[in-house]
Amino acid sequence: MKLPKLQLYTKIFIGLLLGIVFGITANRLGFSDFVSDYVKPVGTVFIRLISMIVVPLVFASLLVGTASLNDVRKLGRIGGKTIAFYLCTTAIAIVIGLLLANVLKPGAGLSPETKEQLMLDGKEQADIKIETVLEKPTVTDTLLNLIPRNPVKAFAEGRILQVIFFALIMGIALTMIPAGRAEPVIKFFAGVNDVIIQIVHIIMKIAPYGVFALIASVIGDFGLGILLTLLKYAAVVIIGLVLHVVITYSLALKIFTRLKLGTFFRGIRPAQLIAFSSGSSSATLPVTMECAEENLGVSLEVSSFALPLGATINMDGTALFQGVSAVFIAQVLGMDLSLSQQLTIVLTATLASVGTAGAPGVGMITLAMVLQSIGVPLQCMALIMGVERILDMCRTAVNITGDLSCAVVVAASEGELKAI
Ligand code: ASP
């Protein structure tokens, strides 16, 4: 069964546009509370439905994918390539962000009054983020946390990396027992996987309404005035994101695959729109996987591993945002960042993006880690709080684009990319 690709995309796109218009109208005419109370829940229904299937989908698809590989070395190769791709593109993203911020200087020329106002407006939200940062686990904890003490708890709490770990172990073990014993298990989970994909199709029917509601409530709550104050900063982030997609991913796809760029970007549009409106790469995962398999021809073996991993550890858009934001905040404070401080940003931002799952707003928590590492007071995150949600939407769309380009590149290198 196939998704009605173009038609679905067009409907979601119309939902997005109408949501923007409705949100702006609500903001202007002062009925954004009505939108929060009665329209937003439709978006929440959509996000809940789609989040509901993330864990079973990741587990069933990865188990079947691993068990059907028949070769643990191949799994190792796919893993190595995937992680290498993720780390390289993340580092490139931060370098693009740092270069742009140094050349275009978005933080220079912000008046002291504006600065004070921004600090005041964003203080409350920034404080919430700072509290979360102080509880962050160490690198060793993050690594140890890959192994679940109890897989059922990992499922219940939606810990994707632990679910991945357990599915991999179980998939590998399945290849080691006699085929007759393994087959019923694999068949069962293959069936579960098919059912979940069918559920994705059902949920996607309400995607246009969900996207409309999500966007309308974000724009309804959002003061457009603040966007103008922070226009230069927001523009630098967005230019960086566009450059990263156009240069880094397009080049990678051109060099390593024979897939036409048009096919790639057309195929991933539903996932990009859902990522943009939900601000969560984890919630978008079922759609991302669907696009990879049905629209781009990536095999289950690669997509079921690379995409859940990417939704959790690969956040190029977020990393680029952190590069620009750290330099922006330093510029507003009149601090000069040395080369070694900028290299610290690259390192911390790359590592920070590994430790946190893709959910709305986590980029600010990891930004706090970056600011800490270069000695910028965390309270200054308040400066950019006003445009955080909008930039979160843009960077999430880029994050999943990065995951999908990795899946295509790795699949092509392993001969696992079907012609579409
Ligand atoms: N919302 C982003 C994601 O889910 C993470 C972030 O940048 O806040 O990918």
Side-chain angles (χ1 to χ4, degrees), residues 43-44 46-48 50-51 54-55 58 86 89-90 93-94 96-97 122 125-126 128-130 132-133 136 158-161 211 214-215 217-218 222 233-234 236-238 240-242 244-245 249 268 271-289 291 306-326 328 345 348-371 381 384-407:
T44 313
F46 173 65
I47 290 299
R48 276 189 176 230
I50 199 135
S51 308
V54 168
V55 169
V58 170
Y86 284 154
T89 50
T90 304
I94 310 167
I96 293 180
Q125 275 178 301
I128 298 174
K129 299 283 177 198
I130 293 169
T132 330
V133 179
K136 77 171 193 297
R159 296 181 179 273
I160 296 297
L161 288 182
V211 166
L214 289 168
I215 292 289
S217 66
V218 170
F222 189 73
Y233 157 72
V236 173
V237 175
I238 292 171
L241 293 175
V242 171
H244 188 55
V245 171
Y249 300 146
I268 67 169
Q272 279 184 323
L273 286 183
I274 305 291
F276 181 76
S277 45
S278 69
S280 168
S281 14
S282 298
T284 311
L285 189 55
V287 187
T288 315
M289 291 174 71
C291 287
L307 295 174
L309 193 69
T312 325
I313 70 164
N314 181 51
M315 293 182 207
D316 293 355
T318 305
L320 189 147
F321 155 85
Q322 287 165 346
V324 176
S325 304
F328 169 79
I345 296 180
T348 325
T350 311
L351 293 178
S353 82
V354 175
T356 37
V362 301
M364 288 304 277
I365 299 171
T366 44
L367 174 65
M369 288 164 71
V370 173
L371 294 181
M381 286 199 308
I384 52 172
M385 233 42 205
V387 285
E388 149 62 9
R389 186 70 176 97
I390 294 282
L391 294 182
D392 191 3
M393 294 155 74
C394 302
R395 56 187 198 243
T396 309
V398 173
N399 289 347
I400 63 106
T401 307
D403 301 343
L404 281 158
S405 31
C406 174

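Indexing begins at 1, ligand by ligand and atom by atom, following the structure's order. Basis for what follows: all heavy atoms, side chains included, without hydrogens, waters or symmetry-related copies. All values reported here derive from a predicted model rather than from experimental measurement.
Annotation: salt bridge (Lys or Arg N to Asp or Glu O under 4.0 Å) contacts involving residues 390-400, sequence neighbours excluded, comprise Glu388-Arg395, Asp392-Arg395.
Judged as a side chain to side chain donor-acceptor pair (under 3.5 Å), and not counting sequence neighbours, Ser51 has no contacts. In this structure Asn399 satisfies the side chain to side chain donor-acceptor pair (under 3.5 Å) test together with Thr318, sequence neighbours excluded.
Under the 3.5 Å distance criterion, the side-chain polar atoms of Ser282 are matched with a main-chain donor or acceptor of Gly358. With hydrogens and angles ignored, the 3.5 Å screen pairs a side-chain donor or acceptor of Tyr86 with a backbone N or O of Ala306.
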For ligand 1, output the ligand-protein N/O contacts shorter than 3.5 angstrom; if there are none, return none.
from: ligand 1; atom 1: 1 (N); to: Gly279; atom 2: O; distance (Å): 2.8
from: ligand 1; atom 1: 1 (N); to: Ala359; atom 2: O; distance (Å): 3.0
from: ligand 1; atom 1: 1 (N); to: Asp392; atom 2: OD1; distance (Å): 2.7
from: ligand 1; atom 1: 1 (N); to: Thr396; atom 2: OG1; distance (Å): 3.0
from: ligand 1; atom 1: 4 (O); to: Ser281; atom 2: N; distance (Å): 2.8
from: ligand 1; atom 1: 4 (O); to: Ser281; atom 2: OG; distance (Å): 3.0
from: ligand 1; atom 1: 4 (O); to: Gly358; atom 2: O; distance (Å): 3.4
from: ligand 1; atom 1: 4 (O); to: Ala359; atom 2: N; distance (Å): 3.2
from: ligand 1; atom 1: 7 (O); to: Thr318; atom 2: OG1; distance (Å): 2.6
from: ligand 1; atom 1: 7 (O); to: Arg395; atom 2: NE; distance (Å): 2.5
from: ligand 1; atom 1: 7 (O); to: Arg395; atom 2: NH2; distance (Å): 3.4
from: ligand 1; atom 1: 8 (O); to: Val362; atom 2: N; distance (Å): 3.1
from: ligand 1; atom 1: 8 (O); to: Gly363; atom 2: N; distance (Å): 2.7
from: ligand 1; atom 1: 8 (O); to: Asp392; atom 2: OD1; distance (Å): 3.3
from: ligand 1; atom 1: 8 (O); to: Arg395; atom 2: NH2; distance (Å): 2.9
from: ligand 1; atom 1: 9 (O); to: Ser281; atom 2: OG; distance (Å): 2.4
from: ligand 1; atom 1: 9 (O); to: Asn399; atom 2: ND2; distance (Å): 2.8

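With Tyr249 as the partner, the side chain to side chain donor-acceptor pair (under 3.5 Å) test is satisfied by one option alone out of Thr89, Thr401, Asp316: Asp316.
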